[in-house]
Amino acid sequence: MNTKDHSTTLSCQRFTTPAQATARSTIRSGAVDGSGVVDLLSADSPNAPRHTTLTASDQAVTYQLTSERPAGGWTNAALPKLWQVPLAGGAPQRLSCDRGGQYSPAADQGTRVVWLDATPGRADLVVRERPAGDC
(Lines give C-alpha, C1' and ligand atoms only; values in the text may rest on other atoms or scores of the structure.)
Protein backbone atom coordinates (compact mmCIF):
# COMPACT_ATOMS: atom_id res chain seq x y z
CA MET A 1 0.00 0.00 0.00
CA ASN A 2 1.38 3.41 -0.88
CA THR A 3 1.12 5.20 2.45
CA LYS A 4 2.71 8.45 1.25
CA ASP A 5 -0.08 9.58 -1.06
CA HIS A 6 -2.78 7.05 -0.12
CA SER A 7 -3.33 6.23 -3.78
CA THR A 8 -3.82 2.49 -3.29
CA THR A 9 -6.20 0.63 -1.07
CA LEU A 10 -6.52 -3.09 -0.45
CA SER A 11 -9.56 -5.04 0.47
CA CYS A 12 -10.16 -8.62 1.30
CA GLN A 13 -13.71 -9.67 0.65
CA ARG A 14 -15.16 -12.92 1.82
CA PHE A 15 -18.17 -14.09 -0.12
CA THR A 16 -19.93 -16.45 2.25
CA THR A 17 -23.25 -17.48 3.68
CA PRO A 18 -23.59 -19.22 7.05
CA ALA A 19 -23.59 -22.57 5.24
CA GLN A 20 -20.22 -21.77 3.61
CA ALA A 21 -17.91 -21.91 6.62
CA THR A 22 -14.97 -22.99 4.45
CA ALA A 23 -15.37 -20.26 1.81
CA ARG A 24 -12.26 -18.36 0.76
CA SER A 25 -11.54 -14.64 0.38
CA THR A 26 -10.73 -12.53 -2.67
CA ILE A 27 -7.82 -10.06 -2.31
CA ARG A 28 -8.36 -6.86 -4.31
CA SER A 29 -6.37 -3.70 -4.99
CA GLY A 30 -7.58 -0.33 -6.26
CA ALA A 31 -7.56 3.41 -5.80
CA VAL A 32 -8.97 4.96 -2.63
CA ASP A 33 -11.82 6.47 -4.67
CA GLY A 34 -12.90 2.96 -5.70
CA SER A 35 -11.64 3.11 -9.27
CA GLY A 36 -9.21 0.70 -10.90
CA VAL A 37 -10.18 -2.27 -8.72
CA VAL A 38 -8.47 -5.53 -9.73
CA ASP A 39 -8.51 -8.97 -8.15
CA LEU A 40 -4.98 -9.92 -7.09
CA LEU A 41 -6.17 -13.33 -5.94
CA SER A 42 -9.60 -14.74 -6.65
CA ALA A 43 -11.58 -16.60 -3.97
CA ASP A 44 -11.74 -19.64 -6.26
CA SER A 45 -7.93 -20.04 -6.20
CA PRO A 46 -6.62 -22.93 -4.07
CA ASN A 47 -4.19 -20.38 -2.57
CA ALA A 48 -6.92 -17.95 -1.50
CA PRO A 49 -7.12 -17.41 2.27
CA ARG A 50 -9.97 -18.79 4.38
CA HIS A 51 -9.36 -16.52 7.37
CA THR A 52 -7.89 -13.22 6.44
CA THR A 53 -4.59 -12.05 7.90
CA LEU A 54 -2.85 -9.80 5.41
CA THR A 55 -0.29 -7.05 5.22
CA ALA A 56 0.86 -4.98 2.25
CA SER A 57 3.80 -2.93 1.04
CA ASP A 58 4.14 -0.77 -2.05
CA GLN A 59 4.88 -3.90 -4.12
CA ALA A 60 3.14 -6.94 -2.63
CA VAL A 61 0.40 -8.35 -0.42
CA THR A 62 1.40 -11.03 2.07
CA TYR A 63 -1.28 -13.22 3.60
CA GLN A 64 -1.58 -16.19 5.89
CA LEU A 65 -3.16 -19.36 4.50
CA THR A 66 -4.73 -21.30 7.34
CA SER A 67 -6.47 -24.67 7.22
CA GLU A 68 -9.48 -25.66 9.24
CA ARG A 69 -8.58 -27.89 12.18
CA PRO A 70 -8.01 -31.32 10.63
CA ALA A 71 -10.01 -34.25 11.99
CA GLY A 72 -6.87 -36.41 12.27
CA GLY A 73 -4.86 -33.82 14.21
CA TRP A 74 -2.38 -31.12 13.23
CA THR A 75 0.28 -31.84 10.64
CA ASN A 76 2.83 -29.57 9.00
CA ALA A 77 0.61 -29.18 5.93
CA ALA A 78 -2.28 -27.95 8.07
CA LEU A 79 -0.30 -25.27 9.95
CA PRO A 80 -0.50 -21.60 8.86
CA LYS A 81 1.80 -20.70 5.95
CA LEU A 82 2.60 -17.27 4.49
CA TRP A 83 2.07 -16.46 0.81
CA GLN A 84 2.79 -13.34 -1.21
CA VAL A 85 1.22 -11.94 -4.39
CA PRO A 86 2.56 -8.88 -6.29
CA LEU A 87 0.37 -5.76 -6.37
CA ALA A 88 0.86 -5.78 -10.14
CA GLY A 89 -0.74 -9.25 -10.21
CA GLY A 90 0.76 -12.67 -10.72
CA ALA A 91 0.91 -16.07 -9.12
CA PRO A 92 1.11 -16.29 -5.32
CA GLN A 93 4.37 -17.69 -3.94
CA ARG A 94 5.22 -19.22 -0.57
CA LEU A 95 7.27 -16.90 1.60
CA SER A 96 8.98 -19.72 3.49
CA CYS A 97 9.42 -23.43 2.90
CA ASP A 98 10.08 -24.14 6.59
CA ARG A 99 8.07 -26.74 8.45
CA GLY A 100 5.87 -25.45 11.25
CA GLY A 101 3.56 -22.49 11.51
CA GLN A 102 4.23 -18.95 10.32
CA TYR A 103 2.35 -16.18 12.13
CA SER A 104 1.80 -12.41 12.39
CA PRO A 105 3.30 -11.16 9.10
CA ALA A 106 4.25 -7.49 8.84
CA ALA A 107 5.21 -5.95 5.49
CA ASP A 108 8.28 -3.76 5.20
CA GLN A 109 9.55 -2.21 1.95
CA GLY A 110 9.21 -3.92 -1.41
CA THR A 111 8.70 -7.65 -0.88
CA ARG A 112 10.42 -7.81 2.54
CA VAL A 113 8.30 -9.32 5.33
CA VAL A 114 8.87 -9.95 9.04
CA TRP A 115 6.99 -12.75 10.83
CA LEU A 116 7.02 -15.13 13.78
CA ASP A 117 8.06 -18.65 12.86
CA ALA A 118 7.29 -21.62 15.11
CA THR A 119 9.33 -24.18 13.14
CA PRO A 120 11.93 -24.81 15.88
CA GLY A 121 9.27 -25.28 18.59
CA ARG A 122 9.64 -21.70 19.81
CA ALA A 123 8.77 -18.33 18.29
CA ASP A 124 11.61 -16.91 16.17
CA LEU A 125 11.48 -13.54 14.43
CA VAL A 126 12.23 -14.03 10.72
CA VAL A 127 12.97 -11.47 7.99
CA ARG A 128 12.84 -12.44 4.32
CA GLU A 129 13.59 -10.12 1.39
CA ARG A 130 11.44 -12.00 -1.14
CA PRO A 131 9.34 -15.15 -1.51
CA ALA A 132 11.09 -18.51 -1.34
CA GLY A 133 9.39 -19.65 -4.55
CA ASP A 134 8.42 -23.26 -5.12
CA CYS A 135 8.63 -25.46 -2.03
Side-chain angles (χ1 to χ4, degrees):
M1 185 178 327
N2 188 335
T3 56
K4 290 182 181 162
D5 64 12
H6 303 285
S7 63
T8 303
T9 187
L10 293 169
S11 71
C12 194
Q13 297 182 334
R14 189 167 185 194
F15 301 102
T16 64
T17 65
Q20 297 173 309
T22 60
R24 296 176 182 264
S25 300
T26 296
I27 298 175
R28 294 186 166 153
S29 174
V32 174
D33 67 4
S35 64
V37 175
V38 296
D39 287 356
L40 298 177
L41 188 62
S42 175
D44 60 8
S45 166
N47 294 321
R50 288 188 197 329
H51 308 288
T52 313
T53 299
L54 61 86
T55 182
S57 70
D58 59 338
Q59 294 181 17
V61 176
T62 301
Y63 63 96
Q64 184 179 41
L65 188 57
T66 305
S67 299
E68 297 297 322
R69 182 183 171 117
W74 290 104
T75 64
N76 177 51
L79 293 172
K81 307 296 182 194
L82 298 180
W83 290 75
Q84 192 173 78
V85 63
L87 276 179
Q93 293 184 309
R94 279 274 300 271
L95 210 54
S96 171
C97 294
D98 282 346
R99 293 181 45 83
Q102 291 129 28
Y103 304 90
S104 305
D108 193 9
Q109 296 179 9
T111 57
R112 186 178 340 165
V113 179
V114 177
W115 73 89
L116 296 175
D117 192 294
T119 301
R122 64 183 184 277
D124 285 343
L125 185 64
V126 177
V127 178
R128 169 115 5 166
E129 295 292 326
R130 62 189 171 281
D134 295 330
C135 294

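Quick caveat: nothing in here was measured; it's all calculated off a predicted structure. Along the sequence shown, the residues carry numbers beginning at 1.
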> Which atom pair, heavy atoms only, marks the closest approach of Tyr103 to Pro80?
Replying inline: CE2-CG, 3.5 Å

>> Rounded to the nearest 0.5 Å, what separates atom CD in Gln59 from atom CG in Asp108?
In response: 11.0 Å

> So, for Thr62 and Pro105, which heavy atoms are closest and what is the spacing to 0.1 Å?
Replying inline: CG2-CB, 4.2 Å

>> Closer than 3.5 angstrom, by distance alone: can the side chain of Ser57 be matched with the main-chain N or O of Gln109 as a donor-acceptor pair?
In response: no

> Hey, what do you get for CG (Asn47) to NZ (Lys81), rounding to the nearest 0.5 Å?
Replying inline: 13.5 Å

> What's the shortest heavy-atom distance between Leu87 and Ser29, and which atoms?
Replying inline: CD2-OG, 3.9 Å

>> Ignoring hydrogens, what is the shortest heavy-atom contact between Cys97 and Ala132? Give both atom names and the distance.
In response: SG-CB, 3.9 Å

>> Looking at Ala60, is its backbone amide N or carbonyl O close enough to the side chain of Gln84 to form a donor-acceptor pair, meaning the two atoms are under 3.5 Å apart?
In response: no

>> Quick check against the 3.5 Å criterion: does Asp39 have a side-chain atom that pairs as donor or acceptor with the backbone of Arg28?
In response: no

>> Tell me which one of Leu95, Leu116, Leu82, Val113 satisfies side-chain contact (heavy atoms from CB on, under 4.5 Å) with Gln102.
In response: Leu82

>> Looking at every non-hydrogen atom in both residues, tell me the closest pair between Leu41 and Ser45 and how far apart they are.
In response: CD1-OG, 3.6 Å

> Which pair of non-hydrogen atoms, one from Gln93 and one from Gly133, has the smallest distance, and what is that distance?
Replying inline: NE2-CA, 4.0 Å

> Side chains of Leu125 and Val114: closer than 4.5 Å at any heavy-atom pair?
Replying inline: yes

>> Could you measure the distance from the CG atom of Leu40 to the OH atom of Tyr63? Nearest 0.5 Å is fine.
In response: 10.0 Å

> Would you find a donor on one side and an acceptor on the other, under 3.5 Å apart, between the side chain of Thr55 and the backbone of Ala107?
Replying inline: yes

>> Test of understanding: with salt bridge (Lys or Arg N to Asp or Glu O under 4.0 Å), list the residues that count as partners of Arg130, not counting sequence neighbours.
In response: none

> Heavy-atom distance under 4.5 Å between the side chains of Asp117 and Ser96, does that happen here?
Replying inline: yes

